[in-house]
Amino acid sequence: MISVSSPSLDLQNLHLGFSSNKTLRSLRRRTGTCIPTQERSTLQSKKRQRRSSGIGKTTSVTKDESLISKSHMSQQHGLPPLVSALKASAAQNAASFHFPGHNRGHAAPSSLTKLIGLKPFIYDLPELPELDNLFSPEGPILEAQKLAAKLFGSHETWFLVGGTTCGIQAAIMATCSPGEHIILPRNSHISAISAMVLSGAIPKYIMPEYNCNWDIAGGITPSQVNKAIKELEMEGQKPAAVFVISPTYHGICSNLTEISQLCHSYGIPVIVDEAHGAHLGFHPQMPHSALKQGADLVVQSTHKVLCSFTQSSMLHMSGNVVDREKICRSLQTLQSTSPSYLLLASLDAARAQLSENPETIFNKAMKLATEAKILIKKIPGITLLELPSFTEFPTIDPLRLTIGSWQLGLSGYEADDILYGNHGIVPELVGSQSITFAFNLGTCKEHVQRLVSGLQELSACSLQIETTETKVKDRGHAPFTDTSMSLNPRDAFFANKRKVGIRESLGKVCGELICPYPPGIPVMIPGEIITERALDYLLGVRRKGVVVTGASDPLLSSIVICDV
């Protein structure tokens with residue numbers, strides 16, 4: 001029997017503490033960033049005081065929870081701030097009446113726990129006060145983001161749980177209003193296209209340098225950017241932003257220093273899709289990062305070459321050209337109100353891992369990549385992608401290794417099938433003429449040896465010279481060099497549409513975004529005139545087994561067009 005007479009005051013205080021927590025959570029969920037700082041601090045303080053006073057203190061609970069350290073001194077033991085807060089919160093013996101429904105692992109699906117264990121569920125916690133709030137950070141998330149900003153060299157950094165896609169959308173929404181122009185390469189990722197639908201920005205496309213031997217697009221040059229700015233000026237327009245991809249999926253880097261200087265002379269912000277370059281600048285032989293080269297907004301996939309969980313990324317801002325409040329509002333619009341703290345903590349952990357030895361952490365990966373390239377260059381019939389293939393660009397990411405096998409009479413897809421089937425080699429990207437391998441902190445010598453051996457065997461078992469010469473003539477062609485826009489992406493997205501046969505679509509206005517994946521670069525964008533070149537390219541890669549996304553008809557027997 002519980003006595004309620006003597007501790008009535010404690011029960012009252014407990015009730016008040018619960019009400020404060022409920023009010024805090026309610027305010028946050030309804031208004032996001034609109035809680036006054038003083039009120040938020042008071043509510044947070046009450047909650048933390050209540051927890052530190054003994055309520056919910058750690059005790060021995062389950063076998064799995066006993067694996068979690070009970071110490072609340074983890075920050076002193078060198079853990080990153082958000083990882084530390086997550087550890088302490090999960091270690092509490094809390095009576096949980098909150099989401100998620102697996103209730104700290106007590107109801108975790110057995111099919112998944114048999115695969116990954118119980119621990120991920122124990123740490124899969126919601127926006128508890130001690131874990132801070134992604135949209136209004138003032139605790140461990142804020143501290144973690146500040147540490148990331150210091151490491152990467154930005155003025156401010158935001159953690160993203162919606163991938164670089166979310167960051168690119170926020171960057172474009174924060175700089176471009178409806179009807180304003182944005183200069184960007186035509187081979188931009190689909191996230192840039194969706195950002196134009198969301199923002200109402202009008203694209204001014206730059207056609208990137210294209211190498212038909214490799215069937216690969218490069219970056220954009222300062223002279224191309226200058227030309228685009230001048231052309232808009234002649235139309236009485238000024239671009240609201242310039243968007244650059246550097247490095248590309250294949251590691252080709254643009255001259256961001258000159259592009260940034262040019263744009264800033266016009267007062268134009270520079271956004272860089274640095275999804276594949278979060279590691280740049282952390283080794284003497286690596287290219288400089290986009291931030292180091294003067295970019296204003298930089299979005300990085302921390303999960304690609306660095307070691308956070310998939311889907312976690314960062315958005316960095318430098319200087320004061322862009323209104324940070326617009327970035328915050330855009331992120332609040334785009335990001336989940338129930339962010340995964342496992343993703344957020346992994347960003348903090350990846351930052352901490354990199355900051356331990358930022359100048360030497362990539363030594364092993366760089367050494368392995370260099371050794372692999374030296375050995376592969378000696379293999380007959382295997383071609384290595386190097387700068388002479390793209391003369392206008394200063395450098396290629398040394399941790400990207402792209403090979404061509406056309407001298408062996410093999411397409412990239414055919415070579416990939418052999419390498420995977422015979423050696424279990426899984427690349428990052430396969431193209432019609434090439435295969436790209438990504439080296440990272442987890443790359444090991446045994447796997448590099450397997451790659452080299454696999455390519456040697458591929459060479460030894462190549463087809464006859466006559467077949468090789470025939471296949472060499474079958475080069476790729478840029479699918480988007482002759483595109484023209486009839487509707488801007490936003491108008492095309494909301495236009496009435498109908499489905500027609502693929503050949504009947506020629507010359508019509510495309511109503512859907514169609515792209516081979518990977519790499520996720522659209523061949524057709526809503527609002528563009530459908531060309532024969534684009535149709536032939538799509539049908540060609542479809543025959544080779546490439547997955548084509550975005551099309552309502554995955555067999556490409558029909559296409560959706562705008563009914564205009």
Side-chain angles (χ1 to χ4, degrees), residues 78-83 86 141 143-154 156-168 189 191 245-251 253 272-293 295 297-318 339-369 396-401 427-429 436-444 447 518-519:
L79 287 179
L82 192 49
V83 176
L86 189 60
I141 292 179
E143 185 179 354
Q145 291 183 158
K146 284 184 175 180
L147 289 170
K150 181 178 180 181
L151 176 67
F152 289 98
S154 69
E156 189 165 359
T157 291
W158 291 267
F159 284 1
L160 308 175
V161 293
T164 294
T165 291
C166 167
I168 288 173
H189 189 266
S191 56
I245 309 161
S246 183
T248 67
Y249 212 145
H250 300 91
C253 299
V272 177
D273 174 355
E274 201 174 39
H276 293 271
H279 60 294
L280 296 187
F282 289 101
H283 189 279
Q285 296 174 17
M286 284 184 184
H288 289 306
S289 68
L291 286 167
K292 185 76 171 177
Q293 295 184 71
L297 292 176
V298 177
V299 194
Q300 298 174 336
S301 292
T302 319
H303 63 88
K304 283 186 163 52
V305 178
L306 302 184
C307 303
S308 65
F309 283 145
T310 296
Q311 195 176 312
S312 60
S313 297
M314 295 186 192
L315 169 60
H316 305 287
M317 182 183 75
S318 184
S340 166
Y341 276 81
L342 288 172
L343 295 182
L344 293 171
S346 78
L347 287 168
D348 194 22
R351 184 276 315 160
Q353 178 187 39
L354 183 57
S355 63
E356 289 174 3
N357 300 289
E359 296 179 358
T360 60
I361 190 171
F362 281 102
N363 282 357
K364 177 186 173 184
M366 290 285 287
K367 184 173 183 291
L368 289 173
I396 291 181
D397 176 7
L399 294 185
R400 287 296 154 95
L401 191 159
E428 171 56 34
L429 176 65
T436 299
F437 305 90
F439 284 63
N440 51 51
L441 294 175
T443 303
C444 65
H447 288 172

Does [X] reach the main-chain N or O of [Y] with its side chain, forming a donor-acceptor pair under 3.5 Å?
{"X": "Q293", "Y": "H288", "value": "yes"}
{"X": "E143", "Y": "P81", "value": "no"}
{"X": "S346", "Y": "F309", "value": "yes"}
{"X": "D348", "Y": "A144", "value": "no"}
{"X": "Q311", "Y": "V161", "value": "yes"}
{"X": "S289", "Y": "K292", "value": "yes"}

4.5 Å side-chain heavy-atom contact, [X] and [Y]:
{"X": "L160", "Y": "V299", "value": "yes"}
{"X": "L344", "Y": "P339", "value": "yes"}
{"X": "F159", "Y": "M314", "value": "yes"}

For H189 and T165: C-alpha separation, side-chain torsions, deciding distance, then whether side chain to side chain contact (heavy atoms under 4.5 Å, CB included) applies. CA-CA 9 Å; H189 189 266; T165 291; 4.0 Å; yes

Heavy-atom neighbours of H283 NE2 exceed 12 at 6.0 Å: yes

With rounding to the nearest 0.5 angstrom, report the [atom1] to [atom2] distance, [X] to [Y].
{"X": "S312", "Y": "K304", "atom1": "OG", "atom2": "NZ", "result": "10.0 Å"}
{"X": "M366", "Y": "I361", "atom1": "CE", "atom2": "CD1", "result": "13.5 Å"}
{"X": "I168", "Y": "D273", "atom1": "CD1", "atom2": "CG", "result": "3.5 Å"}
{"X": "L368", "Y": "F362", "atom1": "CG", "atom2": "CZ", "result": "12.5 Å"}
{"X": "S313", "Y": "L347", "atom1": "OG", "atom2": "CG", "result": "7.5 Å"}
{"X": "E156", "Y": "K146", "atom1": "CD", "atom2": "NZ", "result": "9.0 Å"}

Please give me the minimum heavy-atom distance between [X] and [Y], naming the atom from each residue.
{"X": "P287", "Y": "C253", "answer": "CG-SG, 4.0 Å"}
{"X": "A369", "Y": "L399", "answer": "CB-CD2, 4.1 Å"}
{"X": "S355", "Y": "A352", "answer": "OG-O, 2.9 Å"}
{"X": "E274", "Y": "P247", "answer": "CG-CD, 4.0 Å"}
{"X": "Y249", "Y": "R400", "answer": "O-NH1, 2.7 Å"}
{"X": "S301", "Y": "T164", "answer": "OG-OG1, 2.5 Å"}

Please say which of N440, L441, L280 ends up in a side-chain contact (heavy atoms from CB on, under 4.5 Å) with V305. N440

With distance as the sole criterion, is a donor-acceptor pair present between the side chains of [X] and [Y] under 3.5 Å?
{"X": "S308", "Y": "H303", "result": "no"}
{"X": "T248", "Y": "H250", "result": "no"}
{"X": "D397", "Y": "H279", "result": "yes"}

T157 pairs by side chain to side chain donor-acceptor pair (under 3.5 Å) with which of Q300, H316, Q145? H316

